[in-house]
Amino acid sequence: MDASDPLSKLVEVLSTQLSELLGVDPARLERMIGPPPRREYGDLSFPLLRFSRKANASVDAIVESIRGKLWEQGLGWAQPRFESGYLNIVFDVEELGDEVFRLLSAGWRPKTAKTKNPMRIVVEHTSANPIHPLHLGHARNAALGDTLARMLRARGHEVNVRFYIDDVGRQTAVTALGFKLARVSPKELASRMGVKVDYAVGWIYAVTHNAIEAVSLKSSKANGPEKMRRMEEAIAILGRLKEQGDHQVFERILEGIGGMEDPQREVSETMKRYERGLEPEKSLVRMIVDAVLEGFRETLSRFGVAFDEWDWESDIVWSSRVGRLIEEARKSKYYTIHKDAEAIDIPSIIKELVLEDPEARESIKLPKALEIPPLILVRSDGTTLYTTRDIAYSIYKFQAFNADRVINVIGADQRLPQLQIRIALLGLGYRKEALNMLHYDYEIVRLPGRRMSSRRAEYVTLDELLDMARSRAEYEVRARNPGADERWVEETAEKVGVGAVRFSLVKPGRLKPITLDINRIVDLRENTAPYLQYTHARASSILEKHGEINYLKAHSSSLEDEARRHLFIEALRFPLVSAKAADDLAPEDLAVYLLRLADMFNSWYQKDSVIREEWEGARHAKAALVLLVKSVIGEGLRILGVEPLDKM
RNA sequence: GGGCCCGUAGCUCAGCCAGGACAGAGCGCCGGCCUCCUAAGCCGGUGGUCGGGGGUUCAAAUCCCCCCGGGCCCGCCA
């Protein structure tokens, strides 16, 4: 594999050579070569002493061998030396500068280093229940999933992005029942309520769910304070919902549910009929879900998120993939009966397959001493469970794209079922699928005080959040650009707002629970996607004022200046940083790197003017440096789904 | 009851997986910087028993054990 930029090439040569000398896996060494904690030590460093103890060669011999190899490979600008346990590499920035100027003049710009092992990867994300608008939890999911897809593509993988439409479960059945009683279509209701269609559906769902809850509680034989509490809660929620929506429709649903002897049974019946593809449920559910998906698409496209495929859960069922899977399970030695229902014997699979298979044990990380219960496949009424359908869907994802790997972006609250699914796949003979399916989990987003709840219709929607961010941005943009074209102001505000939201959802580590502070997410300073966009705009402005860069006039010796030198080298690290972030599935690493680079640029900017530089050789070199930084921030932002701006 | 995740500066977090070269950012707070490439910026100051205790190691925020606090999960829900 030929690395196309100087630093990638350097690291590749170093890791290959060190690997030969030390007898250690080059990939492992590669990730240990990085900038030292203090600049005085050098530009790159590697903890050599840790490995050389076990190697035959002396440290001096190793360093000399490296020096020779670098020379031979045309990387003479990188000089190795040994210092207190570390192999430190110091760059001759003048030589490196000439090399980079040559590349820049030929049109090269830093890009994520390409992987040596391109794979076919499916990323499934967002997959929100299609019965209410997308809210903040989904926003985190979508931002992570979409960024992952962009990173992996930039790294050179073949990526296929899928949305799984959960239209088969209980929640869609509740919604369908609600619409049946409401005698109104989602679109009519939406226009009556003056809201997006997915909001109208979310309202119907919440009304119907709480009406059913109230009626069921009333007729239940149980008694006591818990029942009273839940009763009161349902009634309070209904009161609030009534005020928010259409009174006539509200009454129809309440009367309808109130008149049912057993509303829960009606829901089950609807669910059963839809799963069998019977009319009128089939058309009704599809019509409702289609309407919600229209709302999803509108929001997602604004958010910069696109999908390659939309998979209907019902299609997986109707195409008999689920039926075939259940047949396979029945023939399997791990088929069992649990609580009178058909199930897969997860404990036995663990004992016989996972623990006996080192690769599987490594890949499927079992919690210690946790008893994972058998996985029930079919309800006693004959309908399937979500996990069963998901096993079939998992197999489908691998087949449909001929995938090497499948990444599912799903909340951390689903760890157990996701684990069960992988174990079940292994037990049913789908070893490749089980081992190459990854649950990319992230912690939930909470509202201050309580969790978001679609049952209570209590959520901050993604649309609302984007609107807030945009209006905040619009105020700022207008203040800074008096008299600017109105359309430009609005477009810029949208890009700043969307960027701020996406960045803020991806920058914290995914396992940090986010307690939603809207002001914080919308704050343009702290959230720093706008800071990066601003830095990019500053760079653009300099280049515009400077005019065309003449690389023949640029003097690389002027890069020896401390601040310029560090900025230059830091920008050149982009291909490596972005590659590692992609391999680690860690968008936050890329985000943090970009912020650091922007900090360096802004500090430098303040004290070392480009266009007022008198010496032509330095001015063109500095302009080239600005171009380099601008290209890196631009490329990095695009990978994070944030639009770089030339003016703001 | 069991499992998993999180606990680092007043606040939000990085560093932990692959232990080492002075614990880092941002926000906040205090004080400075626009006749000069965009002040959404920059410079300086302030601020830490790395939740607590034990252990492994020449070396621990990082690995192991115990404990404490917060969250999530343990359904014929999704």
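On a predicted model such as this, the values are computed, not experimentally measured, just so you know. These values consider heavy atoms only, across backbone and side chains, with no hydrogens, waters or symmetry-generated copies. Below, chain A is the first sequence line, B the second, and so on; all start at residue 1.
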Checklist entry - Backbone N or O of A:Tyr41 within a donor-acceptor pair of the A:Ser45 side chain at under 3.5 Å? => result no
Next on the checklist: Under the rule for side chain to side chain contact (heavy atoms under 4.5 Å, CB included), what residues qualify as partners of A:Arg422, not counting sequence neighbours?
Outcome noted: A:Ser363, A:Ile364, A:Met437
Checklist entry - Where each residue is assigned the nucleotide of RNA chain B containing its nearest heavy atom, which of A:Lys339 and A:Trp604 is assigned the position nearer the 5′ end? => result A:Trp604
Checklist entry - Which residues pass the salt bridge (Lys or Arg N to Asp or Glu O under 4.0 Å) test with A:Arg330, sequence neighbours left out? => result A:Glu327, A:Glu342
Checklist entry - Parallel, tilted or perpendicular: which describes the rings of A:Phe296 and A:Phe163, with under 30° parallel and over 60° perpendicular? => result tilted
Item to check | Pairwise C1' distance for B:G20 and B:C13, with rounding to whole Å | outcome: 24 Å
Checklist entry - Between A:Tyr86 and B:A21, do the rings stack, that is, sit under 5.5 Å apart with planes less than 30° off each other? => result yes
Next on the checklist: Going by side-chain hydrogen bond (donor to acceptor under 3.5 Å, both in side chains), name the residues that satisfy it together with A:Asp198, two or more places apart in sequence or in a different chain.
Outcome noted: A:Lys196
Next on the checklist: So, using side chain to side chain contact (heavy atoms under 4.5 Å, CB included) as the criterion, who are the partners of A:Thr535 when residues are at least two apart?
Outcome noted: A:Tyr531, A:Ala598, A:Phe601, A:Asn602, A:Ile633
Item to check | d(CG, A:Leu48; C1', B:G20) in whole Å | outcome: 14 Å
Checklist entry - In whole Å, what is the span from the CG atom of A:Leu375 to the P atom of B:C74? => result 13 Å
Checklist outcome for this item: Regarding the side chain of A:Arg612, the nearest nucleotide among B:C76, B:C36, B:C73 is B:C36
Checklist outcome for this item: Between CZ of A:Arg596 and C1' of B:G15 the distance, given in whole Å, is 12 Å
Checklist outcome for this item: When rounded to whole Å, the CZ to P distance for the pair A:Phe46 and B:G20 reads 14 Å
Next on the checklist: By the 4.0 Å heavy-atom rule, please label A:Gly509 as base, sugar-phosphate, or nothing.
Outcome noted: sugar-phosphate
Item to check | Touch class at under 4.0 angstrom, heavy-atom based, for A:Asn88 against every strand present | outcome: base
Checklist entry - Just how far, in rounded Å, is C1' of B:A25 from OH of A:Tyr593? => result 17 Å
Checklist entry - Which is true for A:Arg389 with a 4.0 Å heavy-atom rule: it touches a base, it touches only sugar-phosphate, or it touches nothing? => result sugar-phosphate
Checklist entry - Base, sugar-phosphate, or nothing for A:Asp441, non-hydrogen atoms under 4.0 angstrom? => result nothing
Checklist entry - Going by distance alone, is a donor N or O of one side chain under 3.5 Å from an acceptor N or O of the other, for A:Glu616 and A:His620? => result no
Checklist entry - Hey, does the side chain of A:Tyr386 come within less than 4.0 Å of B:C76's phosphate (OP1/OP2), counting only N and O? => result no
Distances under 3.5 Å between nitrogen or oxygen atoms of protein and nucleotides 42-45 of chain B:
{"from": "B:C42", "atom 1": "OP1", "to": "A:Tyr531", "atom 2": "OH", "distance (Å)": "3.2"}
{"from": "B:C42", "atom 1": "O4'", "to": "A:Gln606", "atom 2": "OE1", "distance (Å)": "3.2"}
{"from": "B:C43", "atom 1": "OP1", "to": "A:Ser603", "atom 2": "OG", "distance (Å)": "2.8"}

Checklist entry - Taking atom C1' in both B:G10 and B:G28, what distance in whole Å separates the two? => result 8 Å
Next on the checklist: Regarding A:Thr383, tell me which of base, sugar-phosphate or nothing describes its non-hydrogen contacts under 4.0 Å with the strands shown.
Outcome noted: nothing
Next on the checklist: Say we look at B:C50 and B:C11: how far apart would their P atoms be, to the nearest angstrom?
Outcome noted: 15 Å
Checklist entry - Looking at A:Trp488, is A:Lys647 sitting on its ring face, NZ or CZ under 6.0 Å from the six-membered ring centre and within 45 degrees of the normal? => result yes
Next on the checklist: Measuring only the P atom in each nucleotide, how far is B:G15 from B:C74? A whole number of Å is fine.
Outcome noted: 29 Å
Enumerate all atom pairs, one protein N or O and one N or O from nucleotides 4-10 of chain B, separated by less than 3.5 Å.
{"from": "B:C4", "atom 1": "O2'", "to": "A:Arg415", "atom 2": "NH1", "distance (Å)": "3.0"}
{"from": "B:C5", "atom 1": "O4'", "to": "A:Arg415", "atom 2": "NH1", "distance (Å)": "3.3"}
{"from": "B:C6", "atom 1": "O3'", "to": "A:Lys512", "atom 2": "NZ", "distance (Å)": "3.1"}
{"from": "B:G7", "atom 1": "OP1", "to": "A:Lys512", "atom 2": "NZ", "distance (Å)": "2.7"}

Next on the checklist: Under a plain distance cut-off of 3.5 Å, with no hydrogens placed, do A:Asp311 and A:Tyr393 share a side-chain donor-acceptor pair?
Outcome noted: yes
Checklist outcome for this item: For A:Asp583, the salt bridge (Lys or Arg N to Asp or Glu O under 4.0 Å) test, sequence neighbours excluded, returns A:Arg155
Next on the checklist: Once you apply a heavy-atom cut-off of 4.0 Å, does A:Val592 come out as touching a base, just sugar-phosphate, or nothing?
Outcome noted: nothing
Checklist entry - Base, sugar-phosphate, or nothing: which does A:Pro417 touch, judged by heavy atoms less than 4.0 Å apart? => result base
Checklist entry - What is the nucleic acid contact for A:Asp390, judged by heavy atoms within less than 4.0 Å: base, sugar-phosphate only, or nothing? => result nothing
Next on the checklist: Between B:G19 and B:U62, how far apart are the two C1' atoms, rounded to whole Å?
Outcome noted: 6 Å
Next on the checklist: Using the P atom as the point on both nucleotides, what is the distance between B:G69 and B:G51, in whole Å?
Outcome noted: 16 Å
Next on the checklist: Students often get this wrong, so: under 4.0 angstrom with heavy atoms, is A:Val626 touching a base, only sugar-phosphate, or nothing?
Outcome noted: nothing
Next on the checklist: Measuring from the side chain of A:Asp589 (C-beta onward, heavy atoms only), which nucleotide among B:G15, B:A39, B:C73 has the closest atom?
Outcome noted: B:G15
Item to check | Span that lies between the C1' atom of B:G32 and that of B:C72, in whole angstrom | outcome: 48 Å
Checklist entry - Start at the 5' end of RNA chain B and walk down; is the nucleotide closest to A:Ser609 or to A:Thr384 reached first? => result A:Ser609
Item to check | A:Pro508: partners by side chain to side chain contact (heavy atoms under 4.5 Å, CB included), with sequence neighbours left out | outcome: A:Ile514
Checklist outcome for this item: Those residues at least two apart in sequence (or on a different chain) that pass side chain to side chain contact (heavy atoms under 4.5 Å, CB included) with A:Gln606 are A:Arg538
Next on the checklist: Does a side-chain N or O of A:Arg379 approach OP1 or OP2 of B:A78 to a distance below 4.0 Å, or not?
Outcome noted: yes
Next on the checklist: Within the 4.0 Å heavy-atom criterion, would you say A:Asn481 contacts the bases, only the backbone, or no part of the nucleic acid?
Outcome noted: nothing
Checklist entry - Should B:C34 be called syn or anti, with syn set as within 90° of 0? => result syn
Item to check | Spacing of the C1' atoms in B:U46 and B:A25 (rounded, Å) | outcome: 16 Å
Item to check | For atom CD of A:Gln420 and atom C1' of B:C76, their distance in whole Å | outcome: 13 Å
Next on the checklist: Regarding A:Lys545, tell me which of base, sugar-phosphate or nothing describes its non-hydrogen contacts under 4.0 Å with the strands shown.
Outcome noted: sugar-phosphate
Checklist entry - Can you give the dot-bracket line for RNA chain B, where a pair is Watson-Crick or G-U wobble with both atom distances under 3.5 Å, crossing pairs use [ ], and | marks a partner on another strand? => result (((((((..((((......[...))))((((((.......))))))....(((((..]....))))))))))))....
Checklist entry - Is there a side-chain polar atom (N or O) of A:Tyr41 under 4.0 Å from OP1 or OP2 of B:C22? => result yes
Checklist entry - Hey, is A:Arg573 close enough to A:Glu570 for a salt bridge, meaning N to O under 4.0 Å? => result yes
Checklist entry - With sequence neighbours excluded, what pairs up with A:Arg230 under the salt bridge (Lys or Arg N to Asp or Glu O under 4.0 Å) test? => result A:Glu213
Item to check | Euclidean distance, atom CD1 of residue A:Ile337 to atom C1' of B:C76 [Å, nearest integer] | outcome: 12 Å
Checklist outcome for this item: Taken to the nearest whole Å, CG/A:Leu532 to C1'/B:G26 is 12 Å
Checklist entry - For residues 133-142 of chain A, which residue pairs qualify under side-chain hydrogen bond (donor to acceptor under 3.5 Å, both in side chains), counting only residues two or more places apart or in two chains? => result A:Asn141-A:Tyr442
